[in-house]
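In what follows, every chain begins at residue 1, and chains take the letters A, B, ... in the order their sequences are listed.
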Protein chains: 2
Amino acid sequence: MATINEIASKAGVSRTTVSRVLNDSGYVSEAARLRVLKVIEETGYVPSESAKSLRTKKSKVVGVVLPKISTETSSRLVKGIDDVLAAKGYQILLVNTNLSIEKETESLRLLKSRNVDGIILSATHVSNELQNVLKETNVPNVVVGQPYPEMYNVVFDDFSAAKELTNKLIENGHKKIAYLGVADTDYSVGVMRRGGVRSALEDANIQLPLEWDWSGTFDIKSGQDGMKVIIEAGLGHPDVVIAATDRLAVGAFEYLKHKQIEVPKEVLLAGMGTSELSRYVIPSLLTIDFPIEEAGKSAAELLLTQIEGKKTISTKVISHRLLE
Amino acid sequence: MATINEIASKAGVSRTTVSRVLNDSGYVSEAARLRVLKVIEETGYVPSESAKSLRTKKSKVVGVVLPKISTETSSRLVKGIDDVLAAKGYQILLVNTNLSIEKETESLRLLKSRNVDGIILSATHVSNELQNVLKETNVPNVVVGQPYPEMYNVVFDDFSAAKELTNKLIENGHKKIAYLGVADTDYSVGVMRRGGVRSALEDANIQLPLEWDWSGTFDIKSGQDGMKVIIEAGLGHPDVVIAATDRLAVGAFEYLKHKQIEVPKEVLLAGMGTSELSRYVIPSLLTIDFPIEEAGKSAAELLLTQIEGKKTISTKVISHRLLE
DNA sequence: CTGAAAGCGCTTACAG
DNA sequence: CTGAAAGCGCTTACAG
């Protein structure tokens with residue numbers, strides 16, 4: 001690997017001059033610049049990022065912390081982030097916490113030790129400790145997916161989304177409505193989406209029976225389990241089942257298909273978050289599209305404005321839309 | 001950010017000693033070690049990776065080069081890689097080439113300038129130039145997905161997989177067989193899978209009409225287009241359509257559904273590569289499972305053996321299996 | 001317009 | 001068992 005010294009001596013200049021042409025900084029005579037560029041060209045020299053980073057405390061690397069690496073949400077988020085970051089010459093250092101909270105905070109220190117220029121964290125819950133560690137690292141950052149007060153934040157309006165979806169169903173004349181949700185540990189998906197559904201039902205004076213207000217996890221299997229509970233609750237079939245996520249809806253569909261209950265004729269399914277899966281699997285799915293890629297882009301943009309020196313905290317709410 | 005010097009002075013030792021306890025190298029008296037560890041604990045000191053990397057030429061970072069960032073294949077591959085690499089303390093630097101060949105070679109130099117300890121490249125085609133650049137960088141590396149002679153390589157046996165699948169269909173009594181493939185620029189998926197299908201048909205003395213030997217791209221839309229061509233070829237319906245990828249199979253299914261041709265009753269669908277999508281969408285899909293995550297793990301392991309100093313070139317063939 | 005020198009934060013022979 | 005010193009490859013005041 002060539003170094004700046006070799007380039008300098010081959011070009012007959014000091015390494016200071018080489019550095020100047022590399023960074024387009026300070027004055028360099030045209031003649032010197034050309035000699036240097038020629039040598040760089042010939043040798044295929046690429047400056048050591050480690051040395052630059054040690055010196056400048058910058059790295060052109062952004063850490064992206066994910067709770068799970070292999071989900072459609074994660075990969076769409078990373079895609080959006082990468083689209084805007086790559087255009088500005090940044091690379092992504094991936095951290096998979098595997099839902100471990102310790103790994104989350106630990107990884108933040110590690111990222112800092114690598115002089116990353118910024119951190120984007122996809123959150124699964126709201127935590128004071130995480131917020132503190134994030135602030136302590138003193139690295140520009142943005143949190144995606146859960147509301148963190150006084151931080152750069154990219155979120156969806158989960159409450160309104162769930163409420164709109166539910167309202168739409170009520171408008172369409174549905175009265176017997178069941179809900180497949182997730183636990184309250186997840187604020188956005190657990191608390192807010194359930195809250196939106198309940199609020200819409202209340203406004204319309206529709207009862208949500210306890211047995212039809214299910215709490216599960218994020219996987220397809222859980223949707224099947226929940227659907228089973230609802231069907232076996234002894235309250236008859238609901239007109240429509242609203243699922244907090246599209247994977248839950250897919251699970252519900254699988255159970256209904258298995259029981260030969262026709263979708264959408266006997267039971268209509270509604271979900272949130274357009275996975276490719278649900279789009280092809282479930283007939284007449286009514287769903288809320290959360291444009292994850294756009295959230296990724298916004299997160300990257302918010303990060304860039306911080307890196308570039310602006311420091312006004314801001315929350316970006318990505319708008320959703322209803323799809324039939 | 002604390003530095004090694006501050007730790008040293010607070011602990012009343014030289015930075016040499018601090019470095020020794022950090023790296024568990026050389027002799028350190030128990031007393032000194034404890035003082036140092038205490039100070040590290042108190043200050044939350046984390047050594048600068050930039051400085052370490054400049055000095056040691058190592059970084060505990062592995063570059064992962066992907067043709068597309070947001071596909072199920074990519075994310076499963078990365079998951080497998082991360083599972084074994086994270087356990088050894090490595091992090092992943094992600095590079096998305098967006099199918100650009102220039103970005104591919106360019107990114108290799110960039111990764112080298114970051115002192116990555118290794119590179120895993122998910123290839124979409126076989127190229128001498130890429131192979132040369134890869135060798136030039138002189139960084140441990142492994143190529144996944146396409147056969148690269150004389151390199152560390154993780155591949156599937158696409159020819160055999162396609163042949164087995166086709167044989168199975170022939171065994172089951174199917175004779176009118178059509179094929180939805182992709183272009184030959186992709187060696188593994190284009191050339192080899194088609195080769196396997198054709199070989200099985202030849203062995204059984206079954207003709208593959210030109211009109212039923214379609215070449216498209218990797219998306220669902222392309223499967224629809226191909227299916228249309230096959231149906232409209234004027235040769236009647238095939239008994240079974242073999243798709244080179246599961247996404248093509250999904251496209252074919254969509255077209256058939258649209259035309260109210262029943263699957264699997266009128267036309268059976270077979271695919272390769274178990275996407276979650278196809279599993280839920282297509283009834284009675286016969287498919288070849290390529291365990292991508294396992295390929296990722298193997299790639300990471302092959303990389304680690306290189307990093308740890310072993311230098312015997314080897315190709316790992318990940319075995320597939322037939323799923324019904 | 002140009003270069004000598006200092007310094008970023010580490011590790012590693014080397015000497016004791 | 002311990003530390004002083006050199007050096008990794010850059011950038012950046014500073015002086016000319």
Enquirer: To the nearest Å, how far apart are A:Arg20 CZ and C:dC1 P?
Expert: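 Taking atom P of C:dC1 as the reference, CZ of A:Arg20 is at 11 Å.
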
Enquirer: Pick base, sugar-phosphate or nothing for A:Thr16, based on heavy-atom distances below 4.0 Å to the nucleic acid.
Expert: base

Enquirer: Rounding to an integer number of Å, can you tell me how far A:Arg15 CZ sits from C:dA6 C1'?
Expert: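 It works out to 10 Å between those atoms.
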
Enquirer: Working note: A:Asp186 + A:His125, criterion side chain to side chain contact (heavy atoms under 4.5 Å, CB included); need CA distance, chi angles, decisive distance, verdict.
Expert: CA-CA 5 Å; A:Asp186 185 312; A:His125 61 128; 5.9 Å; no

Enquirer: With no hydrogens and no angle check, just 3.5 Å: does a side-chain donor-acceptor pair link A:Asn115 and A:Ser59?
Expert: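 Note: A:Asn115 and A:Ser59 side chains miss the donor-acceptor criterion.
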
Enquirer: In this structure, how many angstroms lie between the C1' atom of D:dG9 and the CD atom of A:Glu49, rounded?
Expert: 12 Å

Enquirer: State whether B:Glu42 and B:Lys38 are salt-bridged, where the test is any N-O pair (Lys NZ or Arg NE/NH1/NH2 against Asp/Glu carboxylate O) under 4.0 Å.
Expert: yes

Enquirer: Does D:dG3 have OP1 or OP2 under 4.0 Å away from a side-chain N or O of B:Ser14?
Expert: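 For B:Ser14, the contact criterion (side-chain N or O under 4.0 Å from OP1 or OP2 of D:dG3) is met.
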
Enquirer: How many whole angstroms separate atom CG of A:Asn23 from atom P of D:dA13?
Expert: 13 Å

Enquirer: Take the protein atom CD1 of A:Ile7 and the nucleotide atom C1' of D:dG9, then report the distance between them rounded to whole Å.
Expert: 12 Å

Enquirer: Which stems, defined as runs of 3 or more consecutive Watson-Crick or G-U wobble pairs with both pairing distances under 3.5 Å, involve DNA chain C?
Expert: C:1-3 with D:14-16, C:5-12 with D:5-12, C:14-16 with D:1-3

Enquirer: In terms of side-chain heavy atoms, does A:Ser188 have a donor or acceptor partner in A:Gln146 at a distance below 3.5 Å?
Expert: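 A donor-acceptor contact under 3.5 Å links the two side chains.
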
Enquirer: Could you tell me the separation between the NZ atom of B:Lys52 and the C1' atom of D:dG7, rounded to a whole number of Å?
Expert: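 Taking NZ of B:Lys52 and C1' of D:dG7, I get 18 Å after rounding.
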
Enquirer: May I ask you to say whether A:Asp24 pairs ionically with A:Arg33, meaning some side-chain N is under 4.0 Å from a carboxylate O?
Expert: yes

Enquirer: Contact class for B:Asn5 (heavy atom, under 4.0 Å): base, sugar-phosphate, or nothing?
Expert: nothing

Enquirer: I need the CD-P distance between A:Glu30 and C:dT2, as an integer number of Å.
Expert: 10 Å

Enquirer: Should B:Ser29 be listed as having a side-chain N or O under 4.0 Å from OP1 or OP2 of D:dT2?
Expert: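 Yes, such a contact exists.
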
Enquirer: Any side-chain N or O of A:Tyr27 under 4.0 Å from OP1/OP2 of C:dG3?
Expert: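 For C:dG3, OP1/OP2 do not have a side-chain N/O of A:Tyr27 under 4.0 Å.
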
Enquirer: Do NZ/NE/NH1/NH2 and the carboxylate oxygens of B:Lys297 and B:Glu301 come within less than 4.0 Å?
Expert: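 Salt bridge between B:Lys297 and B:Glu301, a charged N being under 4.0 Å from a carboxylate O: no.
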
Enquirer: Here's a test of your reading of the structure: between A:Ser48 and B:Val28, which maps to the more 5' nucleotide of DNA chain D?
Expert: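 Result of the comparison: B:Val28.
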
Enquirer: Show the nearest heavy-atom pair for residues B:Asp117 and B:Lys58, with the distance to one decimal.
Expert: OD1-CA, 3.3 Å

Enquirer: Separation of B:Leu54 atom CG from D:dA6 atom C1', in whole Å?
Expert: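 After rounding, the gap between these two atoms is 13 Å.
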
Enquirer: Just to confirm, is there a sub-4.0 Å distance from OP1 or OP2 of D:dG3 to any side-chain nitrogen or oxygen of B:Thr17?
Expert: yes

